[in-house]
Amino acid sequence: MSRIGKMPKDYRSKPVEEGVFAYWQERAIEEKVRGAGQGKFYFLDGPPYVTNPIHVGTAWNKILKDAYIRFYRMNGFRVRDQPGFDMHGLPIEVMVEKKIGIKSKKEIERMGIENFIEACKSFALENLQIATRQFKNLGVWMDWDGPYRTLDNHYIESVWAMLKRADERRLLGKGKKVVHWCPRCETVLAGYEATDEYRELEEESIYVKFKVEGKENEYILIWTTTPWTLPANAAVMVHPDFMYVRARSGGETYILAEARLEHVFSDPGKEYEVLERFPGSYLRRLRYRAPLLEEVPEQSRLSPAHLVVLSDQFVTLEEGTGCVHTAPGHGEEDHAVGEEYGLPDFCPVDERGLFTEEAGKYAGKSVRETNGEIIEDLKSKGLLFKTEKTKHRYPHCWRCKTPLILRTASQWFIRVTDLKERLLEENEKVEWIPDWAGKARFGNWIKNAKDWVISRQRYWGIPLPIWVCGSCGKHRVIGSIEELRENAPGTGDVEPHRPWVDRIRLKCECGGEMQRVPDVADVWMDSGSASFACLGYPKSREEFERWWPADLILEGQDQTRGWFYTLMVCSVVLFNEAPYKRVLMHGFTTAQDGRAMHKSLGNVVFPEEVIEKFGRDTLRWYELGCTTWEDLRFTWKSIEETARFLNILWSTYYFASLYMNLDNFDPGEHTIGDVEKHLRLEDRWIISKLEGLIKRVTEAMAGCRVFDAVRDLEEFMRDDVSRWYIKLIRRRTWTEEEDPEKIAAYATLSHVLLNYLKLIAPIVPFMSEEIYRHVFAGLEGMPESVHMLRWPSASEERMDPELEDEMKVVKEVIEASFSARQAARIKTRMPLLRMKVVTGSESVKAAVERMRGVIEDQANVKEVEVITPEEGWRMKDVVLIPNRSILGPIFREKSGLVSSAISALNGKEVIEAFERGEGVWVEVEGLGRVEVRKDYVSVHERLPENYRSEKCRYGEVFIDTTRSDELLAEGLARDVVRRIQEMRKRADLNVDDYIKAFVKAPSEDVRRALESRATQIAGEVRAKELRISLQEPDFGAPEEWEIEGEKYTISIEKI
RNA sequence: GGGCUCGUAGCUCAGCUUGGUAUGAGCACUCGACUGAUAAUCGAGUGGUCGAGGGUUCAAAUCCCUCCGGGCCCA
């Protein structure tokens, strides 16, 4: 025979969690749980970048993942839970450069690419270990022994296969693109890499005069924040529909937008006169003289160039002059307009951000540092109109923080623009949570997508598997190491990283030699290929067939343009299908101050800190309870609140298990089905509540709304179980014998608590395991871990919404009685003679009558009666109090008389008359008949002396406060019982020890009263002998107590 | 500047889809009770112009528009 086990009294997170970790390890629980399950569920982990230790925000991400994985496991799924790590890319290169103290590509080449790559690799592997330890430490059950790593050969081959497919589908392109360029890293950066790091800069912006051809003293006025792009100027853009003017000032004529006149000539002394107004289209093809023609001779060879072009998209009137300097080599918008007009995309800037020979005078100089010189040159040529300090946001390299420049460069790219429609169609099939993340945000992002520049002029990454022929220029894309070997006979083992792979040459059809392009892939392509690469596709089809596509991915909102996107693109390139069925997007974590957590701000909170102070479960309950897709503002106060709740939860299990254990209760012997006919209403009620909870929590979890589940679970435990149900069954748990109703309470309680434990297992895996091990694991037929239990399903038959409603009424009524007691200063221990519930509602009446027992017990009242509002009204007395502040101004010196006349009225009759809409008059000496208006009086309802009332939502509750000897005796007896219980506890007696007790009463009346209750008292305090006397106790250690102002002496002794 | 999103009690947040008095929840605070869950538990009370302003409606925290402030993303 088995029974409910005991558990420790206090919740201490540290020993609990350490113990559970050890238990899992010892019994290989994690492996057993992971190996079980039938249906497939492919969870795809977004690979974190391995350069920084994780903070509570990163932890949130993994904890969310863990909760859902556990949920699906409990539902019988075989969950693929391979974690991943993003291990290539520029960030690691930068970290390694810092570590070995070098700064440029030149230095890397000098130390040897081979050595550099080795350093990057060991850095990445080292950090993978650190991150793994941190994630494991959170209690995240993923396959930490077999993560996918983007640096593995087979992973690289998968990416190659995708690129080969892209080439076959003619989606791989090469050509000139205006790109964000980091002059320090000497590589292109994708737009999204750049925009991670927009920073506010205050710089000199300039107004420049472009001389109109064939006119003296007439200029187009332009404005720019990047003087260094002027050597590449090819045109001026104006808006065809905006109004422009020719304005005269200081002997010169300027062309600019009318709307900008005021700002441009705002300086004191700058007067102007408008000569002419016209729309921008009028300026079309107006030719001007390039401002730096002399400094940059190459300018004279540009054609067509130096003319006004029209654009209705890129010209604004927010700043500048409405005439926009256009350099197609240095701006995406400029480039677009340039293509439309056939302008040359002149870009005299090299990889290091230095001007080339083509830039004439400026050749060899760093572009941003040339700004000053260019301004000086313009000034000396009389072309500088004015300068202005301007704040503007400027992109910086996401890792090395160098300001970026825009330049034209030849790059490899994926023709995403050709795939747009397909991407949008596939996105329609994806379930996004919340739905606006996909419909609105991700959809918009795809609609605006541009071609994806994938080549990076760097070292540590997946080398582009593209070989180009030196003679005929043809290219070939290789899809695997095997294919590479076939194409290059004599090649031994292939290390696909640089520089080894660079040495492999292929033979071209034309007979020429093919060499690999030196670029590596954008690191986003690594992670973007994860959906199939971690399955070993295309080498291993089996894994792929079994799992792909992913059932769920879950990442932060910043991944809209990151992983969510690249994952989709890579998959559509390869399979023309979305790689995931569901995407859950979560918010960002900010610090207490509402700002993002940053090392530099010193506001980072690490999970280890929270774990140390409050435990993993506390962190998990708190974070999982936050609305997933909103920002999580981490506060210690909330953590403390969560810890307090978990304490209540623990205490509830402790309390329940204590009594069930004491009574040798075995839930296997008494299921709720077995005790059906002994179930009380409150038992049925909590079971009904539980079933509703199971249903809602299951829906919430399945709908990726774990926070709804957490909030629901919290409310149930706190309000329904701890504060209410436990209170209702307390008396039953104190009975000694095998009372069937006690057994029914235990059966109910264990049913509720075991099922609740299953529901919280994915949220708080440690605490639930600890409770389970102590309380339930010893029972027959139970598995060794809570995580091996099946998720419960809700029983519709046991749901009883009517009963739940009735309990609501009952709770209200009892609470109202407490309020009334408080007003009457009668404590709960003192029994009341009767309570009247005033209601006109049949359902309220039914509820009160049906659950009379609960009310009598909880409100400590002898008799409950339901009366109608009319009956209630009849019990009341109504007093009218004349409203002097209203009567005074109206009746002046007669108001005293009016007032007494009103007081003399029968209040009840007056109110009833008012309600019928009839008038009420009083006879006042000297005034005759006066009508009593409603506002002349305030109405006071009064119950008879012995009653108190309190209103609640369902009516009104009257309590009868009449005292009687019998009631007093009962109250007194309860008081004495409490004192003895207190003494038992202080004497450290076991709950089941027996005692003898002696009570010295303060008076003969009290003695007699207590004597009449002796059996009850003795029973409740487990006294085999009980003496009530006026003498002093003659054994034990007597203690003095005060009850209702009188002195009692009590002594007890264990027997 | 554009897209998406958030703005409800001192704090952290429900409610908004499907308009109907916010008995809003927890915490904090005040008062009280309990003392066989006690470094626990329970009750009562204080506290909101639901970011601001307009509109639709008999009725708006909820629907629409504008604005202000925070976040993510894009320029």
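Just so it is clear, the values below take in all heavy atoms, side chains as well, and ignore hydrogens, waters and symmetry mates. Note on naming: letters A, B, ... go to the chains in the order of the sequence lines (proteins, then strands), and numbering restarts at 1 for each one.
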Only pairs with both distances under 3.5 Å count, Watson-Crick or wobble alike; so what is the partner of [N] in this structure?
N      : answer
G1(B)  : C74(B)
U30(B) : A44(B)
A25(B) : U12(B)
A60(B) : none
G69(B) : C6(B)

Checking all strands, does [X] fall into the base, sugar-phosphate, or nothing category for heavy-atom contacts under 4.0 angstrom?
X         : value
Arg644(A) : sugar-phosphate
Glu333(A) : sugar-phosphate
Glu332(A) : nothing

If you measure from the C1' atom in U57(B) to the same atom in C74(B), how many Å do you get, rounded? 38 Å
Whole-angstrom distance between G20(B) and C13(B), as gauged at atom C1': 24 Å
State whether Trp445(A) and Arg561(A) meet the cation-pi test: NZ (Lys) or CZ (Arg) under 6.0 Å from the six-membered ring centroid, and within 45° of the perpendicular axis. no
Ignoring backbone atoms, establish whether Arg633(A) has a side-chain N or O less than 4.0 Å from OP1 or OP2 of U12(B).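 Yes, because at least one side-chain N or O of Arg633(A) sits under 4.0 Å from OP1 or OP2 of U12(B).
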Could you tell me whether the phosphate oxygens of G15(B), OP1 or OP2, come under 4.0 Å of any side-chain nitrogen or oxygen in Arg711(A)?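 No, outside the criterion.
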